[in-house]
Structures are given as structure tokens and as C-alpha cells.
Protein chains: 2
Amino acid sequence: MGRVTIQQVAKAANVSPSTVSNLLNGRTERMVPATRERIEAAIAELGYRPNRAARQLRTGRTQTVGLIVPSVGNPFWGAFARELEVAALAVGCSVLLCNSERDPERERRYVEELWEDGVRGIVLCSSLPTLDHLADVVARGLRLVTFDRPAQPGDPDSVVSVSIDNHVGGFLAGSHLTSLGHERLTFVSGSLASVNRTGRFRGFCTALEAVDLDPTAMPLWTGFEDTPFGDVEAAEVGRRAAHALFSGTEEPPTGVVAINDMTALGFCRGLRDQGLRVGSDVSVVGFDDIILADLYDPPLTTIRQPIARMAALALGEVLDDGDREPGRSVLLRPELVVRESSAPPPVGGVPERRTAEVRASDLRASDVSTTDGAVR
Amino acid sequence: MGRVTIQQVAKAANVSPSTVSNLLNGRTERMVPATRERIEAAIAELGYRPNRAARQLRTGRTQTVGLIVPSVGNPFWGAFARELEVAALAVGCSVLLCNSERDPERERRYVEELWEDGVRGIVLCSSLPTLDHLADVVARGLRLVTFDRPAQPGDPDSVVSVSIDNHVGGFLAGSHLTSLGHERLTFVSGSLASVNRTGRFRGFCTALEAVDLDPTAMPLWTGFEDTPFGDVEAAEVGRRAAHALFSGTEEPPTGVVAINDMTALGFCRGLRDQGLRVGSDVSVVGFDDIILADLYDPPLTTIRQPIARMAALALGEVLDDGDREPGRSVLLRPELVVRESSAPPPVGGVPERRTAEVRASDLRASDVSTTDGAVR
DNA sequence: TCTGTGCGGTGTAACGATGCACCAAGGTAC
DNA sequence: GTACCTTGGTGCATCGTTACACCGCACAGA
């Protein structure tokens, strides 16, 4: 296929392949400039590009980093993937993208596969509570950087993490609502077992306690016990939560903090299904600040994650061969972005304004549940 | 690193490496079952996994397909990328994802690089009018499948395309609005030079003509001449279009078809900026049916692209070694999804309801322009 | 007994780049 | 003069897999 090899370059430059290889790999200390120029000229003229497969076979290394996200179908992860690629491109790396769909087994398989492919390291976007399923590969030397999942007690030492301070984020969201005067608040999220959920929820609770509200007295949405909602269905979680919270017998909340923007948007949709208005009837605060947050009607108040900076940081952690403190967590400060989905609570509480238009078909399954109960 | 090689397997099974290789590559016709079982047992016991780099070096082939999208930051492409990965996973392939940001040069570089990496083929999501910048690589044997870009006259013969019938899509969108009684309609899109834009716009015009409306007499949004809006900024295009169309001196449209959902959503946001209501004041029809279309308030009427089927088809075209008719286009039929962003036009035209709340800061730059003119 | 042939595998030379060990030539030092 | 160093490179084995050519064997037909 007309592929140019290092031999051909060597011949053209009248040197040995080794010398060309030396140049290619920056071992130029003891190389006379004239030689170097000859080789460079030959490379340019022949349009030589080193064969990656051969290189990798020989060295065992790559210029690729793996990225595992729950699903690029979710705009937040799509945006993050894009930022990581931008960062990688700048340093001549490429990114191999995998969707774990939050399935630990699938996550493990991908990690294993990427490792066998010889990636430099992996940025793992997972919020699974443990990394036990990956301990093997990490022990064998994989550079693993977790994103959006601060290091946990049992994690392997070499794992580095980059994320926002979820506690602060949850606190910002919660206190934004309490400062508007809300006193009945709910935290909505799909899975209970995710790490960032815990942080955000704690922050939320802290915000309530700061104004002498009792988190355990709030209307609670416990999510689905065993329904494995994918990231794309995050919105559906929110929507169902809205249906459940506002059709029960209990007095509903006047404000809600959602685990992420997709869930928040779904929640807004659920409110709308019931004829309630976001902002004026019920305040909603999201998390992430995806592009659509600003686009939504009303524009969504949310907690912004600085994904571009985080992507750059995560990539740096993967690539830096230098002295990296093992087990460190980089925590960035999130930022509250106030838009129009949050407002003071309506006087007299949330109106009973469910319209007849609620179509049962809007709910995909029947698995809706609400529970009261103590906050864990 | 404890890597198991084919030699070790061979030794364990008491055969030669060649025989193991034969099994691995399905050349089992003249292999006695006992041998086969011995080898399989050895593979299982040692946990052998073939080394991809070595394999690729030897054969020049991979189990990877390239995917080039404008930007995974855009939910439509994110969703498509995910579907393609699902399809690829099912046949044991992996997907290498690249964001072209609609830059032809970047597109070319990626294609070149993927080709050098030995991908089986590339699914290119591009709507550039020509493929000239890729003619080289295609001529050298690259299997290229374009998505969302029907084959054009000058395209290389071997290029296959998978897309919806944009003309039908545009027609469905347009005639949905005319059948609701709209008589002043506008088509909104960012770049004018994209292939699918042409198809959709023609379909839109056909729909107008079908009810004796003159497309050239409609309020026209010509987009930006040279502003290279990325895919993530598609929404911004729509928003600016709304600002321009509804603040000019000309009588504004009562209905709008957008080139895609992100632009439609941006347009809705722009309407809102001016105190206009989507659906009741102005009807908006999008294109793609991204998840957010259903989530939006009001839910967006749109033209659905069957991305899962399209992804599977595109992958098939990349992988099928069989008899493929060169230069063929697979056109799928899009589907109109009616939601609540479209309704009959308001009696008495669009109300002058711009509120004082329009903040100049909502517009990022000053580059807004509208032009009247003949339809090309 | 000799040739032919089908069967079930094996031997071996690549694929392209790398990097260690080595080398020839010239310059000191004593 | 010889021992030794520095300079500027080169030779060669090697990474793990593949695929083509070939091989020994058994049995059939003549």
C-alpha cells in the first residue's frame, strides 16, 4: 500500500534505521546537525509516518488514553468527552471512548481491554462506590484517574481522582433554595449508591441544617431500588420523581435539587405534565450546567462543573510520568449559576393544579414509588 | 507483565504456534476435534488474549472502526456515537471517536490518521459539500461511509452513504406547518453549505409550493456568512435567528422549521427572550428528535431520525466485505413527531410582546444579520 | 515396490520499529 | 607506543502473530 518504512528513510538519508529511530525518539544529543537535517529532509520528502502497531509491539506503549463514561448519549458526558479530546489533541494523544452504561462488569471488561491495548492510562467516569472490580488491573500497573468520583477509603493507592467538591455543590444548591425562603425541599437522584450522590446529598443536608431545617423531615424521594436506569434515562428518573412527589398524599416540596441537569430537566417535564410551573410553582436546581440548562424554558438554575479545566487536569494526571503523589484527589470548586427555574416559594404552597392532560402513556413503566423514611 | 503469548499456549497444548493461530483465525476445517479442544483448554487456562499490536503489524488490519462526528458535545452526535458503539460491541469491534468540529482540515487529518492506524473503515458524519479533501485516502482503499450526507455527484465511487431522506423530512416539517394553517414560514439553519441543509430546505420549499405558497416571499434567515459555528453552538444560531427575525421591521413568520433540534431549542430560547411563547405565538419544528426534544417545555415537534437503525446500517456498510454496490446511498424515511411546539397560527399574527427583559448580554457577540433575498 | 494424494499439522520468514551493545576513528595522556 | 576516552553512529536480536510453503505419514491403485 505504498507505506513508507523507517528503512526507506534510512536509505534515503544514508544512515542506519537505528539513527532514524534515535532522531524520532529524541535521542539527538550526540548527533551531528548535518545528519539530523538529512534525516529530517528524507522524512519530509517521503512523507514518512511511523507505524504505530510496530512501535507499540516493540515498546508496549501507546499514545492513546482510554475514556470510560456512563454514556455519551448524555450531554454532560458528551461535552466532557469532547473537552478531553481537545486536551488530548493538544499533546498528540488520541482518546478511545467507551460507554459503560454504569454496568460494573462492562466497565471491568473495557478497562481490561484498554489495558491490553496498551493505553497510557484511563480516565474513568464512574460513580461506583468501590473500585474492587478493577483492583487487578490497577495492581498490574494501570494508571487510573477517576473523574467525578473522589477517592474513597478502600481505593487502590495509585488511583488519582479529579472532581468537583460535591459537598460544596450540594450545599450551594441547597442554601440557594433556603435563602429564597423554601422550607420543604427534596433531593432527587436515580441511584443511591453513587459516590457523588452521597457528597451532593450531604451538602444539601448541611445547607438545610444551617437554617435549622431538619433534613429527615423533608419529603423524600428514594429513587428506584433496583431499576438500573442508564444515563440516557436520567431524565426519566426526574420525571417519575415529579409524578410521584406531586401526586402522593403528602404535602409536596416547594423546591428540589436534582443530582444532575438531565434529571432536573426530566423533573421539570414531570412538573409540566401535572400542570405545575417551574420557578413560580416549584423551584428546581440542577447540577452540571450542560448547554441545555441555559436553553431550557425556564433556564435552569444549576451548579456548574468546570469541565474543560477538569478534562485538562484529568489528562495531565494520566500522562504525567513525573512525581505524582499517589492516591491524591483534586477537588475543584463548583459554582452556582442562578437562572429562572428557582424563585421564592409560592405563597400558600404548591397549587393543586394537576390538569386532566396527564397521559398515562407518558410514563413508560409502572415502577414508581415514594417512601418516607429516615435519611441514612 | 505476565503477558501470555501464543507460544505458551502452543506449548501447553502440545502443538505449534501456527496451529493455535489457525484456530484463532477460524481455519479449522482440517483440524481434528481433539486438537482443537486441547488448544481451547490451554487458551482458557492460561487466559490467553491475542496481542492486537502484533496482529495488526502482521496483517495490517484492525477490529476498529473510526467515527468522525462534528462534536460529541452535541446530544445528537453523542446519541449516535453511543448507538454505533452498541452496534460495534455486538460484533466485537471498537470505535475510535473523533470530533471534527466541522473543520475540513481537521477532518482530513483524522481520516488520514485513522487510516494509518489501520481501521477497518470510517463512519464520517460530515455535511461538507465535497469529499475532495479525502479523495486521496479513499483512492488508497479506505472504506468510507458517510452518515447524514447522501452521496453527491462528485463523490468517489466507493463511498457509501447512510442517511434519512432529507427532502422528505423537510417536506414533512413544512407541510405539518402549512396544514396547521401557517402562511408565513422560515427555515433556520447555521451554515448554508451543508448537504443535508440543502435537502431539508428543498423539501420545506416543496411543502410550501404544494399549498401555493411562494418560498421566495417568506421572511428569510440566511444564517451567518462566515461565522464558523461549531455544533455545540448550534443552539446559539437558533437563538440569534429568533432575535433577528422578531426584532426586524419585516413582518415575522408564524412558524419555523429548524435544521436540527439544537437550533430549534435555541430558537425557542430566543423567542422566550422576547416574551414570545412557543406553540401559541410561534410554531417551531425541529429535526432529529434528540432526547431533549421531548423534555423541553413545550415538548418539541420534530422530525425523527432512526439513529439506532442507521448506526447499525452504517456499521454494516463499513464491515461487510461482501458484494457492496459502490456508490450506493441508503436512505431511510424520517418520521414526523408532533408535540406541543407547533399549533395553528395565532389570529392576528405574532403579537408584539417583546418585554423589557431582553438583556443585551444574552447575545454573545454582535454579529447578527438578516437579509432578504431570493431563494437560491 | 513405486507413485499419487489427502490429511493434519509444522517451520519459518516476515511485519516495522526499537534500543542495547558494540565499533571504528581520532584525540589525549603518559 | 600503547592504553583509554570520546564522538557519532551502526548491527542485530526482538516484540507476538500470521500465512505460505512444505513435510511426514498412511493408504490406495497399479
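Here is how names work: the chains are called A, B, and so on, in the same order as the sequence lines, proteins then strands, and each is numbered from 1.
In this structure, A/Arg30 reaches the bases: a heavy-atom distance under 4.0 Å links it to at least one base atom across the strands shown. Residue-level contact check: A/Asn25 touches the backbone only, with heavy atoms under 4.0 Å from sugar-phosphate atoms and none from bases. Residue contacts for B/Arg52: at a heavy-atom cut-off of 4.0 Å it reaches no nucleic acid atom on any strand shown. Counting non-hydrogen atoms under 4.0 angstrom, B/Thr5 reaches the backbone sugars and phosphates but no base. Within 4.0 Å of B/Gln56, counting heavy atoms only, lies no atom of the nucleic acid at all. Residue B/Thr59 is in sugar-phosphate contact alone, with no base atom involved, counting any heavy-atom pair closer than 4.0 Å across all strands shown.
B/Arg58 places its CZ atom 11 Å from the C1' atom of D/dG16, with the value rounded to the nearest Å. Rounded to an integer number of Å, the gap from B/Asn22 CG to D/dC20 C1' is 11 Å. Regarding B/Arg27, its CZ atom lies at a distance of 11 Å from the C1' atom of D/dT17, rounded to whole Å. Remark: C1' of D/dG9 and CZ of A/Arg36 are 15 Å apart, rounded to the nearest angstrom. Atom C1' of nucleotide D/dT10 and atom NZ of A/Lys11 are separated by 16 Å, given to the nearest angstrom. Straight-line distance from the CD1 atom of B/Ile6 to the C1' atom of C/dA14: 15 Å, rounded to whole Å. Atom P of nucleotide C/dA14 and atom CD of A/Gln7 are separated by 12 Å, given to the nearest angstrom. Summarising the geometry, the separation between CZ on B/Arg38 and C1' on C/dT10 is reported as 14 Å, rounded to the nearest angstrom.
Contact of B/Ser18 with C/dG9 (side chain to base): no donor-acceptor pair of N or O atoms is detected under 3.5 Å.
One finds a salt bridge joining B/Glu40 and B/Arg36 here, because a Lys/Arg side-chain nitrogen approaches an Asp/Glu carboxylate oxygen to under 4.0 Å. Salt-bridge formation is not detected for the pair B/Arg49/A/Glu112: no Lys NZ or Arg NE/NH1/NH2 atom is positioned less than 4.0 Å from an Asp or Glu carboxylate oxygen.
In this structure, the side chain of A/Thr28 does not engage the main chain of A/Met31 through any donor-acceptor pair within 3.5 Å.
In this structure, the nucleotide among C/dG9, C/dG16, D/dG9 sitting nearest to the side chain of B/Val32 is C/dG9. Of all nucleotides listed (D/dT17, C/dA17, C/dT18), C/dT18 comes nearest to the side chain of A/Pro17. Nearest nucleotide to the A/Arg55 side chain, out of D/dG9, C/dT10, C/dA17: C/dA17.
Counting heavy-atom neighbours within 6.0 Å of B/Arg309 CZ, excluding the residue itself, gives a total of 12 or less.
Among A/Glu105, A/Arg108, A/Glu107, the one residue that satisfies the side-chain hydrogen bond (donor to acceptor under 3.5 Å, both in side chains) test with A/His133 is A/Glu107.
A residue-by-residue look at A/Ala53 and B/Val15 shows that B/Val15 has its nearest nucleotide of DNA chain C further toward the 5' end.
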